[in-house]
Structures are given as C-alpha cells and as structure tokens.
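Written below as structure tokens is the structure these notes are about.
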Amino acid sequence: MTTDPSLVLRTYADAAHTAYETLTALDQLSGDGDFGDNLCEGLDRVTGALDAHPDEPPYTVAAAVFLDEVGGTSGPLIGLLFQELARAHAASPGEDAWLTGVREGLAAIQRVGEAEPGDRTMVDALAPARDALQSGADARDVAVAALDGARSTAALRARRGRASYVGERAVGHPDPGALGVALLFWSRARADGRAPGDLTDHLPALPSEAPPN
C-alpha cells in the first residue's frame, strides 16, 4: 500500500501556505524573497491541474508544473524531484517508490546544482530523508530526518546559490529551500496519518527583522 500521491500533494500545498510567511522571511535573508510565493503558487497550480485532470499521475502533473511554470532557482529543482518520484511510482507503485524517487531525485538535483550536504541547500533536507528511507524508516521518521536536516542549515554558511553571496547574514536561520523540501516529507507523513506533530511546531521563529528584497 502506498500513500495517495494526490493527497500528499494537496497536503503539501496546505503546508506551504501555512509556512508562507516563514519561507518568505527566510528567503529575504538569503535570496530574492520570492521562494514562498513560488512554492505556494506552484503547488496551487498543481492542485488545480489535479482537479482538471484527475486521471493523470499526480507526480507527473507536479513535475510538469514545477519544471515548466515555476520560476526561481528552486522551482525546476523541485520539478526534478517530482519527475523522479513520478518515474518511480510508475515503475513500482508502492512504498519503495519513495526510496527510489528520492534517491534518484537527489542525484538529479546534485548533478544540476552541484551541491553537497553542508552547502546550505535543499540537499541538506533531501540527503537525510534518503538515508532514512534507505534504513527502512517509516514516513514519520523520514519527515523528522528531513526537518532536522533543514533545521541544521541554520548553522551553515551557504556555499552554493545566491545565498553564498550574502556572507554571514543568513547564519542562524534555516535555508528556505531546505525547509520547503522538508515540508514535502511532513506532508507525506501527514497524509499517511503519521505526522510528527503539528507543522507549526517545526517552523522556526521568524527573523526579527528581514531585510527588504
């Protein structure tokens, strides 16, 4: 039995909206400040497309939206993750599809972005999630691993992406891309009835003063 992909994506959309202010404030510290907008708008387009085309494979729909319609650096990278999740679920629509999809999605993201764990990117959430899946962890523990990985980026100085140009300004606060990806794993656990608590329990405090874009 596998968790309903459509429910995962709809839960992810709700989670992104819940975390919108946090994602925006974090991205104002290290990027253009538009990550929250891009993630929420992309997922809203995904849910709209799922409503319009209910027979299409959900992760295939999500991949198409994020690869073709979502701006910013992170949009196409999240699209690669969805693309690999779609391929894995098409080949073997069971829980093992998450391991295959995340493993291959992480590899694709690293080929394109050349980021490694510790560079303060979404890789810092994806790599722990992959490792947890490889160990046989359930959806709850995978979500915890991803959220902990995202939280750990607060101590890192960015070595990739636009955030690498802002020096120490973002240190002390998690990377928005890592947190945004971790929300996917929380959403999967929530859809599976195994969420590790309420989402707001896992969101960091808003920066006291986010600089203008």
Side-chain angles (χ1 to χ4, degrees), residues 2-24 26-27 31-91 93-95 97-106 108-109 112-113 121-123 125-126 129 133 139 142-143 146-147 150 175-195 199 202-203:
T2 187
T3 309
D4 178 8
S6 179
L7 180 57
V8 172
L9 291 169
R10 294 177 190 279
T11 305
Y12 190 19
D14 289 341
H17 281 282
T18 298
Y20 170 77
E21 288 188 26
T22 300
L23 296 171
T24 298
L26 292 176
D27 199 39
D32 295 327
D34 60 356
F35 178 71
D37 289 310
N38 290 337
L39 183 62
C40 287
E41 290 172 8
L43 288 168
D44 287 346
R45 292 183 184 184
V46 170
T47 59
L50 292 176
D51 290 339
H53 305 285
D55 295 329
E56 292 292 322
Y59 294 127
T60 300
V61 171
V65 168
F66 273 83
L67 287 170
D68 298 337
E69 302 179 30
V70 178
T73 303
S74 297
L77 297 179
I78 294 173
L80 290 174
L81 175 59
F82 282 136
Q83 186 175 68
E84 295 302 331
L85 283 170
R87 288 174 176 165
H89 279 78
E95 287 301 294
W98 269 89
L99 169 56
T100 302
V102 171
R103 183 183 64 226
E104 297 305 316
L106 173 59
I109 288 168
V112 172
T121 71
M122 64 177 64
V123 167
L126 280 169
L133 285 162
V142 173
L147 288 162
D175 176 69
L179 179 59
V181 166
L183 297 181
L184 171 61
F185 295 95
W186 181 90
S187 300
R188 178 207 176 206
R190 177 63 177 268
D192 202 36
R194 302 179 187 178
L199 177 59
H202 299 284
L203 298 180

If you define the side chain from C-beta out and look only at heavy atoms, does anything of [X] sit under 4.5 Å from [Y]?
| X | Y | value |
| --- | --- | --- |
| Asp34 | Asp27 | yes |
| Gln83 | Leu67 | yes |
| Val8 | Tyr59 | yes |
| Val70 | Val65 | yes |
| Leu43 | Phe66 | yes |
| Leu77 | Thr121 | no |
| Leu147 | Phe185 | no |
| Thr3 | Arg194 | no |

Donor-acceptor contact present, side-chain [X] to main-chain [Y], <3.5 Å:
| X | Y | value |
| --- | --- | --- |
| Thr60 | Glu56 | no |
| Thr47 | Asp44 | yes |
| His89 | Leu85 | yes |

Can you tell me how far the [atom1] atom of [X] sits from the [atom2] atom of [Y], to the nearest 0.5 Å?
| X | Y | atom1 | atom2 | value |
| --- | --- | --- | --- | --- |
| Trp98 | Asp192 | CH2 | CG | 10.0 Å |
| Phe35 | Asp175 | CZ | CG | 8.0 Å |
| Met122 | Ile109 | CE | CD1 | 5.5 Å |
| Leu199 | Asp14 | CG | CG | 10.0 Å |
| Arg45 | Asp68 | CZ | CG | 10.5 Å |
| Leu183 | Leu39 | CG | CG | 7.0 Å |

I need the minimum non-hydrogen distance between [X] and [Y], along with the two atoms involved.
| X | Y | value |
| --- | --- | --- |
| Ala146 | Ala182 | O-CB, 3.7 Å |
| Ala125 | Ala178 | CB-O, 3.4 Å |
| Cys40 | Tyr20 | SG-CD1, 3.9 Å |
| Ala195 | Arg190 | CB-CA, 3.7 Å |
| Gly71 | Asn38 | O-ND2, 3.5 Å |

* To do: Give a yes or no on whether a salt bridge exists between Asp4 and Arg188, defined as a side-chain N under 4.0 angstrom from a carboxylate O.
  => no
* In plain terms, say whether Glu104 and Arg87 are close enough for a salt bridge, that is, a side-chain N and a carboxylate O under 4.0 Å apart. => no
